[in-house]
Amino acid sequence: MTLEEVLYWLKNEDERSLDQLWDKADKVRHSRVGDDVHLRGLLEFSNHCSRDCHYCGLRAANNKLSRYRMPEEEIMSCVEEGVAYGYGTVVLQSGEDRGLDVDWMANLIRRIKRETPLAVTLSLGERSEKELSLWREAGADRYLLRFETSNPELYKSIHPSLTGQEPDRLELLRTIKRIGYETGSGIMVGIPGQTFDDLAKDIETFRDLDLDMIGVGPFIPHQETLLGRKAKTPGILPEEQVPNTELMTYKVMALARLVQPLANIPATSALATLNTPTGRELGLSRGANVVMPNLTPKKYRALYEIYPSKACIDETAADCRSCMHRRIRSIGRQVGEGRGDSPSYKKA
Ligand code: 5AD
Ligand code: FES
């Protein structure tokens with residue numbers, strides 16, 4: 001698929017012709033990764049963050065948020081709950097938590113690998129090669145790090161550097177791959193200042209990085225962030241601005257499926273936040289093959305407020321499990337068994 005074709009779909013507003021895009025994405029999904037929907041239990045185990053990303057509610061400067069870091073025993077009981085629910089993977093996610101002890105984390109990974117059959121996915125932000133290698137050796141299978149936007153100026157403008165010399169995320173993703181992780185990345189759709197050309201390049205970047213997992217969600221403004229408070233973005237014409245809509249998110253998910261057919265693609269919580277009744281089902285019918293039911297204890301959920309009104313804030317892990325099962329059955333698909341590794345990773 002050429003950049004022009006990608007742009008054609010991104011700008012297409014005609015429902016009838018968009019049906020063709022949904023149909024193509026669904027057929028490719030069916031033939032390349034099948035009808036199984038894999039469940040990843042998401043455990044948001046720490047909301048501490050040392051960064052100040054202009055879009056994210058966990059940013060260090062948000063002093064309205066009370067911070068938590070779950071102790072090992074509490075994490076393990078959530079992990080065991082995930083095993084009992086038949087999940088094949090636990091995703092350990094946190095802010096970029098500098099208080100997280102690197103060896104403590106390695107021990108936790110070793111313990112999960114020793115005591116359970118789960119695949120372990122880490123989503124801990126930008127980390128040094130040394131840390132990433134240590135956790136990989138401890139047994140972690142996968143790493144998620146969204147590059148958010150492939151436009152370096154836009155990226156820099158919303159993502160202040162801590163030291164002035166971090167590696168860029170694309171470079172870091174290549175390192176993550178080289179270390180041997182099954183590698184996931186993705187973007188937000190409709191970041192203020194993001195153009196259609198940027199978005200088309202993002203989709204091209206999914207293919208260039210040869211990603212095993214691709215997570216795409218709409219940008220949702222958060223009042224305690226700079227981007228959430230800004231009314232307008234200077235710098236681009238209004239007609240160039242990508243809207244942060246549900247429809248645009250489906251287009252990017254469908255195109256991601258077409259450019260990287262073997263990738264695991266989740267129907268994200270941000271999408272379910274825009275459309276709680278049917279967002280996940282529509283995502284699964286337009287390219288996605290993964291969902292991430294939340295395993296985080298209820299008392300912490302409201303504190304992991306990356307963006308406001310996040311889906312599943314008032315639910316328990318058991319609620320999310322039955323909700324996901326029901327949704328998957330309702331569209332004639334089945335829950336995947338086992339770890340659900342990406343066939344693109346297995347092939348490599
Ligand atoms: N709206 C939508 N998604 C967001 N994320 C962070 N802040 C927001 C927001 N305001 C996404 C980023 C990040 C992931 C963990 O959550 O893409 O990588
Ligand atoms: Fe959490 Fe539906 S997945 S309530």
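The figures that follow rest on heavy atoms only: side chains count, while hydrogens, waters and symmetry mates do not. As the structure lists them, so they are numbered: ligands from 1, and atoms in each ligand from 1.
- Within the listing of ligand 2, atoms 1 (Fe), 3 (S), 4 (S) sit less than 4.0 angstrom from a heavy atom of C320.
- Partner D35 forms a salt bridge (charged side-chain N to carboxylate O under 4.0 Å, His left out) with one of R29, R329, K27 and no other, that one being R29.
- Every atom of ligand 1 with a heavy atom of R146 under 4.0 Å away is listed here by number and element: 11 (C), 12 (C), 17 (O), 18 (O).
- Residue Y55 has at least one nitrogen or oxygen atom sitting less than 3.5 Å from a nitrogen or oxygen atom of ligand 1, judged on distance alone.
- In this structure, P218 counts as a contact residue of ligand 1, since one of its heavy atoms falls inside 4.0 Å of the ligand.
- Here the protein heavy atom with the shortest distance to atom 2 (Fe) of ligand 2 is C323 SG, 2.2 Å.
- Tested against E44 for a salt bridge (charged side-chain N to carboxylate O under 4.0 Å, His left out), the candidates K310, K298, R301 yield a single pass: K310.
- In this structure, H222 has no heavy atom closer than 4.0 Å to ligand 1.
- Those atoms of ligand 2 that come under 4.0 Å of a heavy atom in C312, given as number and element, are 1 (Fe), 3 (S), 4 (S).
- Among the atoms of I220, some N or O lies under 3.5 angstrom from an N or O of ligand 1.
- At least one N or O atom of E148, backbone or side chain, sits closer than 3.5 Å to an N or O atom of ligand 1.
- Among E315, M324, M292, the residue whose heavy atom lies nearest to atom 4 (S) of ligand 2 is E315.
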